[in-house]
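Notes follow once the structure below has been shown.
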Amino acid sequence: MKRDAIVAIFFLLAFLFVSYAVTVKNVLGLGEAELRPLGEFYLSHSFAHEGLTSHSPEVVTAIVWNYRGFDTLFETFVFFLAIMGALSVLRLTEEQAKIVREIEGREPHRRMDIIVRATTKLVVIMIVSISASIALHGHITPGGGFQGGSAMAVAALLLFAAFSKFTLERKGLTLGHTMSAYAIGLALIMVTVLAPLFLYGGKILEINLLPGEMGLFNLDVGEYTAVTFGFLTVFLILGIPEWIFKNVLRREMND
Amino acid sequence: MISFLLAYITLTLFAMMFLGIYGVATRSNLIKKIIMLNIMGDAINMLFILIGYRLVFPVFPPIYEKHITFREFLSRAVDPVPQALVLTAVVIGMAMNILLTTYAIQFYRLHGTVDARDMAEILRGEDG
């Protein structure tokens with residue numbers, strides 16, 4: 001307890017120092033009418049130089065996939081690694097997966113009452129269409145693949161809560177399907193990134209060589225699919241009920 | 001007035017940030033640690049967006065449109081760089097979250113605890 005108090009006082013002092021620096025000295029440059037030179041450079045160059053940049057009037061998308069393309073590409077792989085890490089920790093052997101499937105098949109058809117189900121259906125349809133519009137218009141309006149994918153993951157979570165995971169799995173949303181969709185999204189990104197190299201004789205990720213807005217559109221759609229189904233894959237595995245999982249793990253320990 | 005509001009929001013975000021660090025440092029429950037880490041990350045992201053804000057009226061999003069002149073666009077649009085940074089940071093934060101939650105859940109399933117002190121003892125016992 002004494003150590004906690006010392007830590008708390010130390011943090012309070014640090015907070016006072018930071019608040020002095022921010023409010024009195026204004027070290028962050030908050031609330032200024034002038035733009036930073038770097039931001040002004042991006043604003044004035046993202047659309048002005050036809051042919052050199054990715055034809056996007058939306059400066060954020062232009063930065064994310066054009067000026068800073070490699071960063072975004074490798075962040076996609078960081079995401080991939082995180083999901084692969086989660087999958088490998090929660091991995092079941094083939095026998096265990098068979099047992100889990102057996103127990104889940106015997107589960108009764110549980111779901112919430114009709115008001116929750118009807119509302120969830122309406123809301124999910126709205127969220128899915130909004131997320132699709134965010135992702136597919138990402139190069140013209142605010143938005144992009146990442147944001148659309150995150151919105152779509154929320155819709156999936158709502159479905160999980162209202163209809164239970166078993167209903168979704170019986171309708172065909174199994175682990176194999178979501179993982180294949182995730183792989184398709186990643187493949188679309190890789191094809192778009194490598195296309196300038198093989199088709200137009202450019203460098204890797206030089207998407208301004210592709211005709212029109214095709215490069216940005218493909219990358220947005222690929223990112224949308226990848227983020228959506230990456231999250232769904234992990235949700236499906238995390239959604240296995242606790243008692244089933246413990247049962248399976250214990251049975252292995254007893255052997 | 002507007003500078004007072006900006007300072008108020010900024011200080012709230014900084015307070016949230018320090019609260020997050022404090023929680024990560026002092027709580028021993030892993031789930032609480034993860035929640036505090038999330039609070040800290042969200043506060044930092046909000047702070048980034050606030051840094052990119054520009055005190056002009058009316059202020060535009062950084063999207064070039066045909067019906068405004070280029071000079072007006074430059075003098076009105078907000079800074080796009082922090083937005084582009086936060087955009088990817090949010091998704092990576094969510095991925096990191098998934099990984100941490102997965103580890104915590106798996107540890108709970110195997111050993112029946114998510115307390116960091118118990119965890120250290122269990123791991124020490126397995127080594128010896």
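Order of the sequence lines sets the chain letters (A, B, ...), proteins ahead of strands, with each chain counted from 1.
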Relative to chain A, which of [options] shows the most heavy atom pairs under 4.5 Å?
{"options": "B:Ile63, B:Ile105, B:Leu74", "answer": "B:Ile63"}
{"options": "B:Thr101, B:Leu47, B:Leu99", "answer": "B:Leu99"}
{"options": "B:Val81, B:Leu100, B:Val78", "answer": "B:Val81"}

Chain A contact via [X] - which portion, at a heavy-atom distance below 4.5 Å:
{"X": "B:Val56", "answer": "side chain"}
{"X": "B:Val59", "answer": "neither"}
{"X": "B:Pro62", "answer": "both"}
{"X": "B:Ile92", "answer": "side chain"}

Is chain B contacted by the side chain of [X], its backbone, both, or neither, given a heavy-atom distance below 4.5 Å?
{"X": "A:Thr141", "value": "backbone"}
{"X": "A:Arg3", "value": "neither"}
{"X": "A:Tyr42", "value": "side chain"}
{"X": "A:Ile140", "value": "backbone"}
{"X": "A:Val234", "value": "side chain"}
{"X": "A:Ser19", "value": "both"}

How far does [atom1] of [X] sit from [atom2] of [Y], to the nearest 0.5 angstrom?
{"X": "A:Glu242", "Y": "B:Tyr108", "atom1": "CD", "atom2": "OH", "result": "6.5 Å"}
{"X": "B:Gln106", "Y": "A:Arg91", "atom1": "CD", "atom2": "CZ", "result": "12.0 Å"}
{"X": "A:Leu28", "Y": "B:Leu50", "atom1": "CG", "atom2": "CG", "result": "9.0 Å"}

B:Phe48 atom CZ, over 12 foreign heavy atoms within 6.0 Å: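 12 or below, so no.
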
Atom CZ of B:Arg27: over 12 foreign heavy atoms under 6.0 Å: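 No.
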
Out of [options], which one racks up the most heavy-atom pairs below 4.5 Å with chain B?
{"options": "A:Val22, A:Leu12, A:Leu238", "answer": "A:Val22"}
{"options": "A:Ser150, A:Ala14, A:Gly85", "answer": "A:Ala14"}
{"options": "A:Leu35, A:Thr23, A:Ile63, A:Leu38", "answer": "A:Leu35"}
{"options": "A:Val18, A:Val78, A:Val227", "answer": "A:Val18"}
{"options": "A:Phe15, A:Phe79, A:Phe235", "answer": "A:Phe15"}

Side chains of A:Glu58 and B:Tyr64 in contact at under 4.5 Å (non-hydrogen atoms): no

Contact residues of residues 83-90 of chain B (partner chain A; heavy-atom separation under 4.5 angstrom):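 Listed by number: B:Gln83, B:Ala84, B:Leu85, B:Leu87, B:Thr88.
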
Residues 4-22 of chain B: residues contacting chain A (heavy atom under 4.5 Å, by number):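 Within residues 4-22 of chain B, near chain A: B:Leu6, B:Ala7, B:Thr10, B:Leu11, B:Phe14, B:Ala15, B:Phe18, B:Ile21, B:Tyr22.
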
Derivation of the side-chain contact (heavy atoms from CB on, under 4.5 Å) call for B:Phe70 and A:Ser44: CA-CA 8 Å; B:Phe70 199 71; A:Ser44 50; 4.0 Å; yes

Residue among A:Ile237, A:Ile83, A:Val89, A:Leu87 satisfying side chain to side chain contact (heavy atoms under 4.5 Å, CB included) with B:Thr102: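 So, applying the side chain to side chain contact (heavy atoms under 4.5 Å, CB included) to B:Thr102 and each of A:Ile237, A:Ile83, A:Val89, A:Leu87, only A:Val89 qualifies.
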
Minimum heavy-atom distance A:Ile240-B:Arg109, with the two atoms named: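 Shortest heavy-atom separation between A:Ile240 and B:Arg109 comes out as O-NH2, 3.7 Å.
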
Closest heavy-atom pair and its distance - B:Pro80, A:Val59: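 Shortest heavy-atom contact: CG-CG1, 3.6 Å.
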
Worked check of side-chain contact (heavy atoms from CB on, under 4.5 Å) between A:Arg36 and B:Asp79: CA-CA 7 Å; A:Arg36 282 165 194 73; B:Asp79 199 345; 3.8 Å; yes

